[in-house]
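Data first, discussion second: the structure below is written as structure tokens.
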Amino acid sequence: MSGAARRLASGINGLIVAVGGVVALGLVTAIADQRRVRLDLTADRAATLSTELRTQLERIRADGRPLHLVAFSSQARDAEAAVRDRFARDLVRQLEQSGAAQTQFVDFDADRRTAESLGVDRYGTWVITLGDDRVDLAERDLFRHAGTRETRALQFLGESAVSGALSRLLTPRAPVLYALTGHGERRLDPRGGGDLPGLAAEVAQHGWEVRPLDLVRGSGAVGAPTVPDDADVVLSLGAQVALTPSEDAALLGFLARGGALAVFVDPGRPTPSCLARFGVMVGDGVVQDTRQIYPFDDRPWLDVAAHPLTAAITRDALAVVLASAAPVRPVEVPGVRYSPLLRTGRTGWVERGQERPATFDPPSDAAGPVDVAAAVQGGGPTGGRLVVVGDADVLTDAVLADGPGNPAFVMDALRWLIDADASAAPVGRVGRLRQIALTGAQLATLRLVLAVGWPLVPLGVAAALHLWRRSR
Amino acid sequence: MRPSTWRAAWAVYKNELRLLAVSWLGAVFLSAFWGLGGLFFLVGIGTTGEASLRPAVGNLAITLLFLVPMVTMRQLADEARSGTLELALTAPVSSPALLVGKWAAVVSLVGVGIAGSAPWLAVLWRFGEPDLGLAVAHLLGLWLVGGLCAAAGLFASSLTTESMVAGVLAVVLLLPTWLASAGRTVAPAVAQPWLDRIAVLERLRTLAIGGIDSGDLVWFACATIGWLFLAWRVLESRRWS
């Protein structure tokens, strides 16, 4: 064999071995990708999907319909955008890895076409579709700030929100919420607009169907007022005039049948008389407290009482803010269980005078602690449920957004009312940002040490070594 | 490898490590690594307020793509040009031993660089509430990237006698694995799973959130072994040419 032929044979042989080796390694990686084993090193198991979410994903697999998730980025100008997008990307990635969903993270600014095709016009929106059904999650469903002024931190509710969305997609019937009308109530319009657009969006995103309810006109000319059979919850949103006795009777009958009623009432306004017969009443005056939400003098600092409805709010240390609240107190009725939800501390009182600033003047003013929201549960298996809040302003966009725990409080109240205690607390875990706090001076010092001083160490050692060797 | 091969690899490793320790190259590498890393770290915690190495490590991984080939580019190319490679290959040092020894020395240098991130961790612990497991996962990812870059750099260095060409070639060889994630968004659907398979960033995502995925570890191991294997084939072809 000539030298050239030998080199050619050797070259071909080498090429075959090289290609064979690379193919073998490719096969090994392919097999390893099929048989993955995962280890979570984090303290709060952030690298593992929660049990609740994995359960929902199993249900999705069993359902058989394809699950798609498109997550849009946060607004880049937002100081927290990088962290929000990071949280979002991580969860999207984990969902993709679960094999139950096809996911896509979309830069809202760079890819407007995808946003337009899905009808998305807000940063940070997530679109989840299961077959033909779709649920949108707004950024406020995914993130919130929790803690006091000193400990305020961003929380990621992605697992909880996605779990909830999947649950809604898998649930055939949406719970129906009837909003009372005809007494000057604030208007809850599910199509947007109305007096409470923020609340309307919130309940829609949580899968509720909202319908107006006029007990008098809705019952027709002959029948007595009655609550529709498909009503899960009836909502009274700050009625300005009293209900008629027949309307009161209709609500009481609804509660007696195991129905659920939520009443938000402003101070000095009439309340349905059925409340007192169900173990709760709204008193005169306005609740005040020397502990106030700065800079407002009508927003007392409220303690959250232990109750299944408030479990999530308590756990996440979310503040609930009410403005100019009326006192709520129990009425002795056999067989019903009254539980306070929100109350002032001992520094609170019921102000019945007109003086400004308000001061505690016994005996006309009643001493605290004062309840401003309560839950009442009827006895027996068909016992109705009632939530009374001494403030209807809490539902307005301004106050709803002012209290970090306000949307959670309202939505958890609705969930508790339909006996969804298990879901009253957010499903899944809350991802929290592990923060670092540095002053400007500390940062400047660290910049000097870490970006200048520390990198000079190896150069200094090398220079010393060089000089030492030269001297020898 | 036979015991004698391991002994030879150990001897090569010690020699390479000594050379890196006494030369300016190792010092400049560590200085650049710690300087850039410190900068990334401070910018990261400054902009996100998060007690995590993640922003620093993410950027450092990309930095390694350029820094490591600067170290490896001389290792075989210079020896081939000066003729010492032929000497080494005729001595009782097999090609795998030579490659493993040189690769391990560079990986050790990267390891020293990673160990030098201790002051960053100290800052996190002093002023924040970091997650130790998450930090370990981040540093492990960085070390895996360092090993991969070192292997690709050695392969590039085995292909040429010009060290600068070897350095540039290593970056060119590694770039597709870095750009695959970005290319995924514009690639046709049929190509996307394949891009995911070769994308380094995709393989780092689980480590980035504090998890260790056996599939990703095997991928890094196979990719590293693959580059070293190709370098071995080049050296073998040179031995017999």
Side-chain angles (χ1 to χ4, degrees), chain A residues 7 10-11 14-15 17-18 21-22 25-26 28-48 79-80 82-83 86 89-90 93-94 97 111 433-438 442-443 446-447 449-452 454-463 465-466 469, chain B residues 21-24 26-39 41-42 45-52 54-55 116 119-120 123-124 127-134 136-137 197 205-206 208-215 217-219 222-223 225-226 229-230 233 236-237 240-241:
Chain A
R7 275 200 297 277
S10 169
L15 189 66
V17 172
V22 171
L25 288 171
V28 170
T29 57
I31 293 167
D33 280 344
Q34 298 297 317
R35 300 169 185 278
R36 290 169 181 265
V37 178
R38 286 184 67 144
L39 185 65
D40 192 341
L41 298 182
T42 58
D44 42 11
R45 300 194 59 75
T48 310
E80 288 176 335
V83 175
R86 202 262 291 148
R89 280 180 193 274
D90 287 349
R93 163 82 176 170
Q94 284 180 279
Q97 282 187 335
D111 189 359
L433 184 69
R434 288 172 176 268
Q435 291 181 306
I436 185 165
L438 290 168
Q442 287 168 334
L443 203 59
L446 288 173
R447 209 173 286 140
V449 173
L450 295 183
V452 180
W454 184 234
L456 285 177
V457 170
L459 291 178
V461 170
L465 209 60
H466 181 71
R469 290 179 69 197
Chain B
V22 299
S23 72
W24 282 95
V28 170
F29 173 85
L30 290 178
S31 183
F33 188 88
W34 293 347
L36 290 169
L39 211 59
F41 170 71
L42 293 171
I45 60 173
T47 52
T48 65
E50 188 176 8
S52 165
R54 188 169 179 172
W120 313 338
V123 169
L124 292 183
F127 298 103
E129 189 199 353
D131 187 325
L132 177 64
L134 188 63
V136 168
R197 280 188 188 283
R205 288 206 196 282
T206 306
I209 59 171
I212 294 180
D213 188 311
S214 62
L217 290 187
V218 170
W219 183 87
C222 285
I225 291 169
F229 172 76
L230 292 175
R233 296 313 306 162
E236 285 297 299
S237 70
W240 297 110
S241 64

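Chain letters run A, B, ... following the sequence lines, proteins first, then strands; residues in each count from 1. Here the structure is a predicted model, which means the values were calculated and not measured.
- Side chain of A:Thr42 to main chain of B:Gly133: no donor-acceptor pair is present (N/O by atom type, distance under 3.5 Å, no hydrogens or angles).
- Residue B:Leu30 touches chain A through both its backbone and its side chain, counting heavy-atom pairs closer than 4.5 Å.
- Residues A:Leu459 and B:Ser31 come closest through the heavy atom pair CD1-OG, 3.4 Å.
- Contacts of A:Leu465 with chain B are made by side-chain atoms alone, with heavy-atom separations under 4.5 Å and no backbone atom involved.
- Distance alone, capped at 3.5 Å, is enough to place a donor-acceptor pair between the A:Arg434 side chain and the B:Glu129 backbone.
- Between chain B and the options A:Asp90, A:Val457, A:Val452, heavy-atom pairs under 4.5 Å are most frequent for A:Asp90.
- Only the side chain of B:Phe229 has a heavy atom closer than 4.5 Å to any heavy atom of chain A.
- When each of A:Leu438, A:Val449, A:Leu41 is scored by its heavy-atom pairs under 4.5 Å with chain B, the top score falls to A:Leu41.
- With a 4.5 Å cut-off on non-hydrogen atoms, B:Phe33 does not touch chain A at all.
- How far CG of A:Asp40 is from CD1 of B:Ile209: 7.5 Å, rounded to the nearest 0.5 Å.
- Taking both residues in full, the closest heavy atoms of B:Arg233 and A:Ala18 are given as CG-CB, 4.1 Å, listed atom of the first, atom of the second, then distance.
- Taking A:Arg36 as the reference, A:Asp33, B:Asp213 meet the side-chain hydrogen bond (donor to acceptor under 3.5 Å, both in side chains) condition, with sequence neighbours excluded.
- Proximity to chain B (any heavy atom under 4.5 Å) is shown, for A:Leu446, by both the backbone and the side chain.
- Between chain B and the options A:His466, A:Gln442, A:Arg93, heavy-atom pairs under 4.5 Å are most frequent for A:Arg93.
- For B:Ser52, no part lies under 4.5 angstrom from a heavy atom of chain A.
- With respect to chain B, the highest number of heavy-atom pairs below 4.5 Å among A:Val17, A:Val28, A:Leu443 belongs to A:Val17.
- There is no contact between B:Ala32 and chain A, counting heavy-atom distances below 4.5 Å.
- A:Gln435 CD to B:Thr48 OG1: the interatomic distance, rounded to the nearest 0.5 Å, is 9.5 Å.
- For A:Arg469, the part lying under 4.5 angstrom from a heavy atom of chain B is the side chain only.
- With sequence neighbours excluded, the residues satisfying side-chain hydrogen bond (donor to acceptor under 3.5 Å, both in side chains) with A:Gln97 are A:Arg38, B:Thr206.
- Residue B:Leu217 does not touch chain A at all, counting heavy-atom pairs closer than 4.5 Å.
- Of the inter-residue distances, the one linking B:Trp219 atom CH2 with A:Thr29 atom OG1 reads 9.0 Å to the nearest 0.5 angstrom.
- In this structure, chain B has a heavy atom under 4.5 Å from the side chain of A:Val83, while its backbone stays farther away.
- Heavy atoms only, all atoms of each residue included: B:Ala27 and A:Ala462 are closest at CB-CB, 3.4 Å.
- Shown here for A:Ala43 and B:Asp131, the closest heavy-atom pair between the two residues is N-OD2, 2.8 Å.
- Atom CG of residue A:Leu450 and atom CH2 of residue B:Trp34 lie 11.5 Å apart, to the nearest 0.5 angstrom.
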